[in-house]
K.L.:
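First the structure, which I've put down as structure tokens, then a few questions once you've had a look.
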Amino acid sequence: MFIVGLTGGIGSGKSAAAARFRHHGVNVVDADIAARVVVVPGRPALAAIAEHFGADILLENGELDRAALRKHVFDNAEERRWLEQLTHPLIREEILSSLAASSETHSAPYAILESPLLIESGQVELVQRVCVVDIPEELQLSRATARDSNSTEQIRKIMAAQLPRTERCAQAHDILDNRGSLEALNAQVDALHAQYVQLATKPE
């Protein structure tokens with residue numbers, strides 16, 4: 001299966017681009033969903049996180065308090081590395097399982113791995129091509145702040161933990177410019193979809 005990695009900084013519009021790829025019958029495997037699956041109650045990862053950070057990291061229903069965890073790890077690089085070492089291998093297994101089902105459940109000859117940390121986490125090794133959704137950092141900040149309940153300071157910390165915009169774009173095979181309208185983004189995705197179908201079906 002030909003796999004394209006879709007990435008971009010927080011607030012860049014990855015979800016909108018992913019939705020358009022899905023419109024074309026493409027299986028989009030979301031690394032964020034995989035990350036949530038591996039820490040559901042009953043999974044070993046959640047028990048390890050609660051033991052490490054304390055019971056306050058859990059909500060009353062036993063689920064992970066993501067907002068509390070985010071504050072812990074984005075304020076402390078060492079704690080973030082600990083969490084990544086625990087969860088990244090588990091997330092990778094979940095992603096591989098979901099990608100393996102692509103040919104059975106979707107019509108497109110390729111799949112998308114949507115991941116905000118595609119490059120940083122090493123998930124880029126799972127893909128044949130990298131597509132970056134790109135916007136200027138100030139626009140990224142304003143969109144993410146308007147969309148999320150996080151403060152500007154918290155969004156800046158998340159951005160700082162992600163690969164800088166210039167480095168991300170330098171590793172891209174394709175760049176989706178999302179400074180404009182949703183219609184403009186969709187048109188770019190449509191063109192890339194046609195290109196990816198060709199690449200995925202090209203004889204060896």
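Just the heavy atoms: all of them, side chains too, but no hydrogens, waters or symmetry mates, feed the values below.
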K.L.:
Is R179 atom CZ crowded by more than 12 heavy atoms from other residues, nucleotides or ligands, each under 6.0 Å away?
P.N.:
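Not more than 12 within 6.0 Å, no.
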K.L.:
Look up atom CD in E167 and atom CD in Q162, then write down how far apart they are to the nearest 0.5 Å.
P.N.:
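Here the rounded value is 12.5 Å.
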K.L.:
If you count every heavy atom of other residues, nucleotides or ligands that lies below 6.0 Å from Q128 atom CD, does the total exceed 12?
P.N.:
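Count over threshold, so yes.
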K.L.:
When you group the ILVMFWY residues by side-chain heavy-atom contacts below 4.5 Å and let the links chain together, are I3 and V29 in the same group?
P.N.:
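Linked within one cluster.
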K.L.:
Can you say whether the rings of F21 and Y110 are parallel (under 30°), tilted (30 to 60°) or perpendicular (over 60°)?
P.N.:
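F21 vs Y110 ring planes: perpendicular.
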K.L.:
Minimum heavy-atom separation for E79 to H72, with atom names?
P.N.:
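Taking E79 first and H72 second, the nearest heavy atoms are CB-O, 4.3 Å.
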K.L.:
Count I, L, V, M, F, W, Y as connected when their side-chain heavy atoms are under 4.5 Å apart, and connections chain through other members. Are F53 and L58 then in the same cluster?
P.N.:
yes
K.L.:
State, to 0.1 Å, how close M1 and P109 come at their nearest heavy-atom pair, and which atoms those are.
P.N.:
SD-O, 3.4 Å
K.L.:
Starting from L113, can I reach L90 by hopping between I/L/V/M/F/W/Y residues whose side chains sit under 4.5 Å apart?
P.N.:
yes
K.L.:
Between F2 and V132, is there shared hydrophobic-cluster membership here, with clusters defined by ILVMFWY side-chain heavy atoms closer than 4.5 Å?
P.N.:
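Cluster IDs for F2 and V132 differ.
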K.L.:
Give a yes or no on whether the backbone of L83 and the side-chain of T87 come within a donor-acceptor separation of less than 3.5 Å.
P.N.:
yes
K.L.:
What verdict does the side chain to side chain contact (heavy atoms under 4.5 Å, CB included) test give for I49 and V39, after you've listed the backbone C-alpha separation in whole Å, the side-chain angles of each residue and the deciding distance to 0.1 Å?
P.N.:
CA-CA 9 Å; I49 289 169; V39 293; 3.8 Å; yes
K.L.:
Side chain of H106, backbone of G25: donor and acceptor closer than 3.5 Å?
P.N.:
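Checked: no pair found.
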K.L.:
Search all heavy atoms of A50 against all heavy atoms of I57 and return the closest pair with its distance.
P.N.:
CA-CG2, 3.8 Å
K.L.:
Show me, pair by pair, the donor-acceptor contacts under 3.5 angstrom made by side chains of residues 4-20, not counting sequence neighbours?
P.N.:
| from | atom 1 | to | atom 2 | distance (Å) |
| --- | --- | --- | --- | --- |
| T7 | OG1 | S115 | O | 2.7 |
| T7 | OG1 | P116 | O | 3.4 |
| S12 | OG | G9 | O | 2.7 |
| K14 | NZ | G8 | O | 3.2 |
| K14 | NZ | G9 | O | 3.4 |
| R20 | NE | D190 | OD1 | 2.9 |
| R20 | NH2 | D190 | OD1 | 3.4 |
| R20 | NH2 | D190 | OD2 | 3.0 |

K.L.:
Is there a side chain to side chain contact (heavy atoms under 4.5 Å, CB included) between D174 and V130? Walk through the geometry before answering.
P.N.:
CA-CA 6 Å; D174 308 295; V130 175; over 6 Å; no
K.L.:
Kindly give the heavy-atom pair with the smallest separation between E120 and L163, and that separation in Å.
P.N.:
OE2-N, 2.6 Å
K.L.:
Does I91 share a hydrophobic cluster with W82, counting links as ILVMFWY side-chain heavy atoms below 4.5 Å and allowing steps through other members?
P.N.:
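Same cluster: I91 reaches W82 through Ile, Leu, Val, Met, Phe, Trp or Tyr contacts under 4.5 Å.
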K.L.:
Does a side-chain heavy-atom distance below 4.5 Å link L176 with D134?
P.N.:
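Contact flag for L176/D134 side chains = no.
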K.L.:
Do E125 and R92 meet the salt-bridge criterion of a basic N to acidic O distance under 4.0 Å?
P.N.:
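Yes, this pair counts.
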K.L.:
Is there side-chain contact between I158 and R70, with at least one heavy-atom pair below 4.5 Å?
P.N.:
yes
K.L.:
Identify the heavy atoms of L192 and C131 that sit nearest to each other, and give their distance.
P.N.:
CD1-SG, 3.7 Å
K.L.:
Answer with yes or no whether the side chains of H88 and Q123 bring together a donor and an acceptor at under 3.5 Å.
P.N.:
no
K.L.:
Indicate yes or no: at least one non-hydrogen side-chain atom of L46 is less than 4.5 angstrom from one of L64.
P.N.:
yes
K.L.:
In sequence, state the C-alpha distance, the side-chain angles, and the governing distance for R143 and N178, and then conclude on side chain to side chain contact (heavy atoms under 4.5 Å, CB included).
P.N.:
CA-CA 11 Å; R143 285 184 181 177; N178 195 24; 3.4 Å; yes
K.L.:
Assess the residue pair D32 and E114 against the criterion (side chain to side chain contact (heavy atoms under 4.5 Å, CB included)); give the C-alpha distance rounded to whole Å, side-chain angles, the decisive distance to 0.1 Å, and a yes or no.
P.N.:
CA-CA 8 Å; D32 280 346; E114 177 191 354; 5.9 Å; no
